[in-house]
A.B. asks: 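Mind having a look at this structure? Questions to follow.
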Amino acid sequence: MTVDSALKDATDKMDKAISVLKDELAGIRTGRATPALLSRIVVDYYGTQVPIQQLASFSVPEPRTLVITPYDRNAIAAMEKAIMSSDVGITPGNDGTVIRLSFPPLTEERRKDLIKLVHHRGEEGRVAVRNIRRHSKEELEGLEREGGISQDDLVRSEKELQKVTDKHVAEIDEVVAHKDRELKEI
């Protein structure tokens, strides 16, 4: 292992941690309707578990309404069942051709709970990034102990690793702040 490969590996892992955080935050309901809220829902489609995105198209005709148009009308009942059993907290309505999800405005109490959840998930993301930094730092120190790099190279690479970490923590803070603003909008 080289210094460059260790830093690249750490950067890739940190990017993945941010990607996971973004996916988790996309699933948190704000006052708006968005297809991302259904990203984790899987439908029992003829005995096979299929993500709902593969079975339908989505549109948002109004800020609080999500319309799901199934490619196969026979799948409407299975899709409704999957939505009802998910944690979305919305009861779907259908007219035989499309499923409509109407999102009520968030109560102040629910909004505060969701903001706490967003900040908690953000902290989990920061911890994940810091753990990746710690593991990479240990790898670099091991490389120095084995004689693979000099003390100066170790110091330089640790500074570079810290810059990468700071950049990723700042990105997490930005993502959390954006979701926070979204939740505070009425």
Side-chain angles (χ1 to χ4, degrees), residues 1-43 48-58 60 63 66 82 86-89 103 106 110-185:
M1 175 178 279
T2 65
V3 171
D4 291 339
S5 67
L7 291 173
K8 184 181 179 339
D9 189 41
T11 303
D12 291 346
K13 286 179 181 175
M14 289 179 188
D15 288 342
K16 286 178 187 160
I18 289 175
S19 175
V20 166
L21 175 67
K22 286 178 179 177
D23 289 347
E24 285 179 350
L25 294 184
I28 295 177
R29 183 164 75 91
T30 59
R32 287 197 194 105
T34 172
L37 295 172
L38 305 177
S39 64
R40 292 191 180 140
I41 295 179
V42 290
V43 179
T48 307
Q49 298 297 314
V50 180
I52 197 165
Q53 286 87 347
Q54 294 179 10
L55 298 174
S57 63
F58 301 90
V60 184
L66 179 64
S86 73
D87 62 352
V88 175
F103 293 84
L106 294 171
R110 180 71 178 138
R111 196 179 302 272
K112 286 179 182 173
D113 288 345
L114 290 175
I115 289 171
K116 281 182 191 172
L117 179 64
V118 165
H119 286 280
H120 178 70
R121 294 273 165 82
E123 187 54 36
E124 287 175 349
R126 284 186 211 90
V127 168
V129 166
R130 285 192 216 99
N131 285 338
I132 293 165
R133 178 194 61 200
R134 190 183 74 235
H135 290 299
S136 296
K137 189 173 186 267
E138 288 169 359
E139 286 177 5
L140 291 169
E141 288 168 350
L143 208 56
E144 191 257 344
R145 272 193 306 275
E146 294 167 3
I149 58 173
S150 68
Q151 182 72 35
D152 290 344
D153 288 341
L154 176 66
V155 171
R156 255 193 304 280
S157 58
E158 284 178 348
K159 283 181 183 173
E160 187 63 33
L161 182 62
Q162 188 59 48
K163 283 181 193 172
V164 170
T165 303
D166 292 344
K167 180 182 139 255
H168 283 84
V169 168
E171 189 175 344
I172 287 172
D173 292 342
E174 194 178 300
V175 168
V176 168
H178 176 72
K179 191 67 174 188
D180 191 65
R181 282 192 303 275
E182 238 180 65
L183 282 165
K184 288 179 179 171
E185 276 179 21

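Remember, it's a predicted structure, so these values are computed and weren't measured experimentally. Residues take their numbers from the sequence shown, with the count starting at 1.
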A.B. asks: Restricting to non-hydrogen atoms, name the atom on Gly122 and the atom on Ile172 that form the minimum distance, rounded to 0.1 Å.
C.D. replies: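 Here Gly122 and Ile172 meet closest at O-CG2, 3.6 Å.
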A.B. asks: Report the C-alpha distance between His119 and Lys116 in whole Å, list the side-chain angles of each, state the deciding distance to 0.1 Å, and finish with yes or no for side chain to side chain contact (heavy atoms under 4.5 Å, CB included).
C.D. replies: CA-CA 5 Å; His119 286 280; Lys116 281 182 191 172; 5.9 Å; no
A.B. asks: Take Lys13 and His168 through the test side chain to side chain contact (heavy atoms under 4.5 Å, CB included) and record every step on the way to the result.
C.D. replies: CA-CA 10 Å; Lys13 286 179 181 175; His168 283 84; over 6 Å; no
A.B. asks: How long is the gap from CG on Asp9 to CD1 on Ile132, to the nearest 0.5 Å?
C.D. replies: 9.0 Å
A.B. asks: Should the pair Asp12-Lys16 be classified as a salt bridge under the 4.0 Å nitrogen-to-oxygen rule?
C.D. replies: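 No.
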A.B. asks: With side chain to side chain contact (heavy atoms under 4.5 Å, CB included) as the test, would you mind laying out the steps for Val176 and Arg121 before giving the verdict?
C.D. replies: CA-CA 8 Å; Val176 168; Arg121 294 273 165 82; over 6 Å; no
A.B. asks: Below 4.0 angstrom, N of the basic side chain to O of the carboxylate: do Glu123 and Arg130 qualify?
C.D. replies: yes
A.B. asks: So, are Arg156 and Asp153 salt-bridged, with charged N and O less than 4.0 Å apart?
C.D. replies: yes
A.B. asks: Of all heavy-atom pairs between Val3 and Leu143, which one has the smallest distance, and what is that distance?
C.D. replies: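 Nearest heavy atoms, Val3 then Leu143: N-CD2, 4.1 Å.
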A.B. asks: Between Glu144, Lys159, Lys137, which is the residue that forms a side-chain contact (heavy atoms from CB on, under 4.5 Å) with Leu154?
C.D. replies: Glu144
A.B. asks: Which heavy-atom pair separates Ala82 from Val43 by the least distance, and what is that distance?
C.D. replies: CB-CG2, 3.9 Å
A.B. asks: What distance separates Ser136 OG from Lys8 NZ, expressed to the nearest 0.5 Å?
C.D. replies: 12.5 Å
A.B. asks: Return yes if a side-chain donor-acceptor contact under 3.5 Å exists between Glu182 and His178, otherwise no.
C.D. replies: yes
A.B. asks: Any salt bridge linking Glu24 with Lys179? Criterion: basic side-chain nitrogen under 4.0 Å from a carboxylate oxygen.
C.D. replies: no
A.B. asks: State whether a side-chain donor-acceptor pair under 3.5 Å links His120 with Glu124.
C.D. replies: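 Per modelled atom types, His120 and Glu124 side chains form a pair under 3.5 Å.
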A.B. asks: Hey, could you give me the CD1/CZ distance between Ile18 and Arg126, rounded to the nearest 0.5 Å?
C.D. replies: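 Between Ile18 CD1 and Arg126 CZ, I get 11.0 Å after rounding to 0.5 Å.
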A.B. asks: For residues Ser157 and Leu7, report the shortest heavy-atom separation together with the two atoms involved.
C.D. replies: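 Residues Ser157 and Leu7, closest heavy atoms: O-CD2, 3.8 Å.
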A.B. asks: I need the Thr165 OG1 to Glu160 CD distance, nearest 0.5 Å.
C.D. replies: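 Taking OG1 in Thr165 and CD in Glu160, the distance rounds to 10.0 Å.
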A.B. asks: Work out which heavy atom in Ile41 is nearest to a heavy atom in Ser86; give both atom names and the distance.
C.D. replies: CD1-OG, 3.6 Å
A.B. asks: Would you confirm whether Arg111, through its side chain, and Leu183, through its main-chain N or O, come within 3.5 Å as a donor-acceptor pair?
C.D. replies: yes
A.B. asks: With no hydrogens and no angle check, is any side-chain donor or acceptor of Ser19 less than 3.5 Å from a backbone partner on Asp15?
C.D. replies: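 The answer is no, because no donor-acceptor pair under 3.5 Å joins these two groups.
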A.B. asks: What closest approach, in Å, do Val60 and Pro35 show between heavy atoms, and which atom pair accounts for it?
C.D. replies: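 Shortest heavy-atom contact: CG2-CD, 4.1 Å.
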